Amino acid sequence: MDEWLSRLESMQLKRSELNLLIMDYLMAEGFKEAAERFKCEANIDTEKMSEMVNIRETSDQMDRRIEVRNAIEDGKIKEAMNKINEYYPELIDNNRHLYFKLQQQQLIELIRDHLLEEALQFSQQQLSVDGDYLQLPELERTLSLLAFEKPENSPYADLMHASHRQQLASELNEAILKEESGEGHAAKPKLVSLIKLLLWTQNELEKKKVKFTKISDLMSASFSNGD
């Protein structure tokens with residue numbers, strides 16, 4: 001344990017490398033203003049950034065991607081669909097599973113606005129169009145919201161949370177980056193990959209009952225001694 005801690009403390013991470021990881025994440029997730037501000041405040045070298053950051057798109061391309069993401073996170077699904085069809089006409093055809101998720105979110109928004117008759121009509125007319133990608137359990141959960149006067153307090157309240165919109169926005173964001181790259185895949189932000197690797201490594205160490213200093217809360221970056 002002492003040896004492990006000593007080796008951990010001896011590792012030195014350059015501030016410039018950490019800044020590039022943050023920059024890569026901000027650009028991939030479409031936080032354009034934050035990325036531009038951070039680039040100036042952190043005095044990030046443009047040449048090094050081009051080597052490290054995965055995203056390769058123009059300012060206009062990023063603006064379009066942000067428009068779609070913002071519309072979804074605001075619950076404006078029709079607006080998001082219109083923008084997708086305008087900016088990325090082949091995106092839905094190439095990602096049919098996302099079509100159902102967009103339709104599901106539109107149904108959720110109708111229920112949120114208490115437009116119950118419109119929600120029922122929408123579910124009958126729209127959600128059955130693409131039967132090959134219909135996710136019946138998710139459709140049943142969504143329609144179950146109609147049975148509650150306050151669906152936000154129902155057993156299916158997770159569908160009403162902002163996180164449900166954000167998850168869909170992230171999936172669309174990744175699909176757009178994949179289409180823009182033209183490589184059949186979208187490189188995930190290195191910071192996300194590192195966090196996933198960290199969590200996997202901690203899980204493996206716990207399985208083997210290895211004592212180590214564990215990051216117990218990513219949000220607060222707090223540590224605890226593993227047993």
Side-chain angles (χ1 to χ4, degrees), residues 1-35 37-39 41-45 48-57 62 65-66 69 72-73 95 97-98 101 104-105 135 137-138 141 155-178 180-181 183-227:
M1 182 66 170
D2 291 338
E3 181 185 355
W4 185 84
L5 287 173
S6 177
R7 292 180 63 184
L8 183 64
E9 290 174 357
S10 67
M11 293 181 65
Q12 297 294 323
L13 289 175
K14 294 181 180 178
R15 170 61 64 178
S16 59
E17 292 176 347
L18 290 175
N19 289 342
L20 287 172
L21 282 174
I22 296 170
M23 190 70 181
D24 179 50
Y25 175 80
L26 292 175
M27 292 183 67
E29 293 301 311
F31 301 121
K32 184 179 179 181
E33 291 184 10
R37 207 167 178 189
F38 183 75
K39 180 183 176 183
E41 291 180 358
N43 195 26
I44 294 176
D45 184 272
K48 288 185 178 180
M49 186 180 78
S50 64
E51 295 174 359
M52 178 77 173
V53 174
N54 285 321
I55 307 305
R56 300 286 184 271
E57 63 182 354
M62 180 178 280
R65 182 161 57 88
I66 292 170
R69 177 162 202 151
I72 293 173
E73 291 185 344
N95 299 272
H97 64 289
L98 291 177
K101 292 189 175 184
Q104 179 196 21
Q105 191 62 47
Q135 298 178 29
E138 280 299 298
R141 283 195 342 120
Y156 312 102
D158 61 292
L159 297 172
M160 307 288 288
H161 292 169
S163 59
H164 196 268
R165 291 176 177 174
Q166 291 163 357
Q167 176 62 32
L168 176 58
S170 291
E171 290 186 43
L172 257 299
N173 184 69
E174 186 173 343
I176 291 170
L177 287 173
K178 176 181 174 182
E180 287 181 344
S181 72
E183 298 175 358
H185 69 279
K188 292 184 180 297
K190 294 182 177 67
L191 187 60
V192 173
S193 298
L194 287 171
I195 290 175
K196 287 183 177 180
L197 179 59
L198 167 67
L199 295 175
W200 177 84
T201 303
Q202 290 191 161
N203 186 52
E204 290 299 304
L205 289 172
E206 287 180 329
K207 285 181 182 178
K208 296 176 182 179
K209 298 182 179 180
V210 176
K211 292 183 177 181
F212 67 101
T213 302
K214 175 183 177 181
I215 295 181
S216 56
D217 190 334
L218 289 172
M219 294 295 292
S220 61
S222 56
F223 293 81
S224 65
N225 290 325
D227 293 322

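Keep in mind it's a predicted model, so treat the numbers as computed, not measured.
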Using side-chain contact (heavy atoms from CB on, under 4.5 Å), reason through Q104 and Q135 one step at a time and then give a plain yes or no. CA-CA 10 Å; Q104 179 196 21; Q135 298 178 29; 6.0 Å; no
Would you say that L20 contacts I44 through its side chain, given a criterion of any heavy-atom pair below 4.5 Å between the two side chains? yes
Determine the minimum heavy-atom distance between A28 and L177, stating which atoms define it. O-CD1, 3.6 Å
Side chains of L205 and K214: closer than 4.5 Å at any heavy-atom pair? no
Distance col, row D24:CG vs L191:CG, nearest 0.5 angstrom, shows 8.0 Å
Shortest non-hydrogen pair, I215 vs Q202, comes out as N-OE1, 2.9 Å
Spatial distance of atom CD1 (I176) from atom CE (M62) [nearest 0.5 Å]: 12.0 Å
Could you pull out every donor-acceptor pair under 3.5 Å between side chains of residues 164-171 and any protein atom, sequence neighbours left out?
unit_1, atom_1, unit_2, atom_2, d
H164, ND1, Q105, OE1, 2.7
R165, NE, E109, OE2, 3.0
R165, NH1, E73, O, 3.1
R165, NH2, E109, OE1, 2.9
Q167, NE2, E171, OE2, 3.2
S170, OG, R69, NH2, 3.0
S170, OG, Q166, O, 3.1
E171, OE1, K101, NZ, 2.8
E171, OE2, K101, NZ, 3.0

Is any side-chain heavy atom of K196 closer than 4.5 Å to a side-chain heavy atom of L194? no
Nearest heavy atoms of R65 and G30, plus distance in Å: NH1-N, 3.6 Å
My understanding is that only residues two or more places apart in sequence, or in another chain, count here; which of them pass side chain to side chain contact (heavy atoms under 4.5 Å, CB included) with S193? K188
Excluding sequence neighbours, so at least two apart, what forms salt bridge (charged side-chain N to carboxylate O under 4.0 Å, His left out) with K207? E204
Determine the minimum heavy-atom distance between F38 and N19, stating which atoms define it. CE2-O, 3.3 Å
